[in-house]
Peer 1: 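The following block contains the structure, expressed as structure tokens.
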Amino acid sequence: MTDMRAIGFTQNLPLTDEKSFIEFFEPKPTPTGHDILVKVIATSVNPVDTGVRRGTQPPLKTPKVIGWDAYGSIEAVGDAVTLFHPGDRVFYAGSFKRPGTDSEYHLVDERIVGHAPTSLTAAQIAAVPLTSLTAWEALFEQMHLSIDDSAANAGKTLLVINGAGGVGSMATQLAHLAGLTVIATASRPETIAWTRDHGADAVVNHREDLVSQVKALGYPTIDYILELSNLNQHWNEIVSLIAPSGTIVSVTGNDTPIDLRALKQKRATFSWEWMYTKSFFETPDMITQHQILERIRELLDADKLKSTLTKTFTPISPDNLRAAHALVESNRMIGKVVITNEK
Ligand SMILES: NC(=O)c1ccc[n+]([C@@H]2O[C@H](COP(=O)([O-])OP(=O)(O)OC[C@H]3O[C@@H](n4cnc5c(N)ncnc54)[C@H](OP(=O)(O)O)[C@@H]3O)[C@@H](O)[C@H]2O)c1
């Protein structure tokens with residue numbers, strides 16, 4: 001059996017420690033069933049990577065491989081695969097239950113994979129899957145908005161809390177495309193400029209009171225609120241701003257309980273978005289992630305959607321993973337950071 005190179009960790013160490021990411025060799029897997037084997041060309045780092053690394057206690061016997069974004073080329077396919085062929089270029093975010101993309105080859109179920117865009121660089125493509133799937137599912141599944149009916153969305157308001165991060169800069173673009181009025185939050189001149197450039201109609205500062213700022217813009221309430229930073233921190237503002245019968249979606253979770261009774265008089269809807277739900281539970285609609293990525297590819301190749309890549313490290317190595325993790329841990333990312341073997 002052939003071996004492949006992988007990068008992982010056995011314990012949670014500071015990024016300044018050389019052992020925080022180590023290169024090692026393990027058997028190259030063989031695809032069966034719906035799995036495809038992908039030669040990874042580029043990957044990205046998301047807050048989930050830093051969270052899983054920090055949460056790894058006690059030390060593991062074998063290294064854990066993380067990474068949940070990939071652009072690559074198909075090396076081999078399982079016997080039930082119908083959507084792809086060897087040689088196809090693909091992009092995907094992957095499954096929370098399986099080893100990640102920080103390795104030379106990676107197995108993934110075809111039903112959560114899309115054909116890669118053809119007009120973007122490897123790094124621009126790897127920046128996209130996880131954040132676009134999250135933003136798409138939040139807006140067009142959990143909020144039940146339609147990307148194809150801008151007439152129906154005209155005049156509807158969306159507040160994106162954390163507009164310049166990876167998910168926010170995708171959500172803002174998609175909501176703008178769908179015809180909503182988008183108010184996004186950002187706190188620094190560069191994140192404010194980035195957010196406006198990605199389709200926000202107005203920007204408010206998440207380090208100051210959101211309620212008074214949104215009202216000052218002329219919106220007493222907001223129809224849809226997408227929370228992408230810290231639900232506990234922004235909960236009271238969300239309760240105050242949501243319109244009667246409005247919809248709130250959070251992707252971040254909460255450290256202390258939130259009080260859903262606060263939404264009763266307004267009969268507002270609250271939903272979670274977890275990008276991994278479909279693959280984690282292998283839901284019957286898991287193939288919708290393939291369909292979403294195909295739509296995202298079309299939008300990127302038609303130049304209607306922009307990759308949110310802002311920082312590239314070459315090649316995929318322990319040092320470059322450490323550098324990319326440090327950027328994400330700063331909580332000041334604008335768009336996405338990618339590590340790539342191909343410029
Ligand atoms: N459930 C899911 O499926 C899912 C999927 C993806 C991500 N997530 C979660 O969603 C969150 C965002 O992910 P991401 O990749 O977009 O993050 P990110 O790129 O790391 O976000 C960085 C941005 O956060 C902003 N920020 C910092 N403090 C803030 C605050 N108090 N309020 C609002 N914004 C603040 C910063 O803006 P300024 O510099 O302007 O302050 C910065 O631009 C993370 O918690 C991540 O784990 C969940």
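Each ligand, and each atom within it, is numbered from 1 in the order the structure gives. Predicted model, so just to flag it, every value in this text is computed and none were measured.
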Peer 1: Give me the ring orientation class for Phe96 and Trp68: parallel if the planes are under 30° apart, tilted from 30 to 60°, perpendicular past 60°.
Peer 2: parallel
Peer 1: Report the C-alpha separation of Thr283 and Asp285 in whole Å, then their side-chain angles, then the decisive distance to 0.1 Å, and conclude whether the side-chain hydrogen bond (donor to acceptor under 3.5 Å, both in side chains) test is met.
Peer 2: CA-CA 5 Å; Thr283 59; Asp285 68 347; 2.6 Å; yes
Peer 1: For Thr256, give me all partners under side chain to side chain donor-acceptor pair (under 3.5 Å), at least two apart in sequence or on another chain.
Peer 2: Asn232
Peer 1: Return the residue, atom name and 0.1 Å-rounded distance of the protein heavy atom closest to atom 16 (O) of ligand 1.
Peer 2: Val167 N, 2.9 Å
Peer 1: Specify the protein heavy atom at minimum distance from atom 42 (C) of ligand 1: its residue, its atom name, and the distance to 0.1 Å.
Peer 2: Met333 O, 3.3 Å
Peer 1: N/O to N/O below 3.5 Å, does that happen between Pro47 and ligand 1?
Peer 2: no
Peer 1: Got the closest protein heavy atom to atom 36 (C) of ligand 1, with its distance?
Peer 2: Asn331 O, 3.7 Å
Peer 1: Based purely on interatomic distance, does Arg207 place a nitrogen or oxygen under 3.5 Å from a nitrogen or oxygen of ligand 1?
Peer 2: yes
Peer 1: Closest by any non-hydrogen atom to atom 30 (C) of ligand 1: pick that one out of Gly166, Gly163, Ala93, Ser229.
Peer 2: Ser229
Peer 1: Any non-hydrogen side-chain atom of Thr310 less than 4.5 Å from a side-chain atom of Trp194?
Peer 2: yes
Peer 1: Residue-level breakdown please: for Asn162 versus ligand 1, do any non-hydrogen atoms fall below 4.0 Å on the side chain, on the backbone, on both, or on neither?
Peer 2: both
Peer 1: On a heavy-atom basis, I'd like to know which of His206, Glu227, Arg332, Met275 is closest to atom 34 (N) of ligand 1.
Peer 2: His206
Peer 1: Could you check which of Ile161, Thr195, Val203, Thr134 puts a non-hydrogen atom nearest to atom 4 (C) of ligand 1?
Peer 2: Thr134
Peer 1: For ligand 1, which is the ligand I care about here, please tell me if Thr252 has any N or O atom under 3.5 Å from one of the ligand's N or O atoms.
Peer 2: no
Peer 1: Residue-level breakdown please: for Gln233 versus ligand 1, do any non-hydrogen atoms fall below 4.0 Å on the side chain, on the backbone, on both, or on neither?
Peer 2: side chain
Peer 1: Going by heavy-atom distance to atom 48 (C) of ligand 1, choose the closest among Val251, Leu231, Asn230, Val337.
Peer 2: Val251
Peer 1: Give the residue, atom name and distance (to 0.1 Å) of the protein heavy atom nearest atom 11 (C) of ligand 1.
Peer 2: Leu228 O, 3.4 Å
Peer 1: Please state which protein non-hydrogen atom is closest to atom 39 (O) of ligand 1 and give its distance, to 0.1 Å?
Peer 2: Arg188 NE, 2.8 Å
Peer 1: Specify the protein heavy atom at minimum distance from atom 38 (P) of ligand 1: its residue, its atom name, and the distance to 0.1 Å.
Peer 2: Ser187 OG, 3.4 Å
Peer 1: Within the structure, does Asn46 bring an N/O atom to less than 3.5 angstrom of an N/O atom in ligand 1?
Peer 2: no
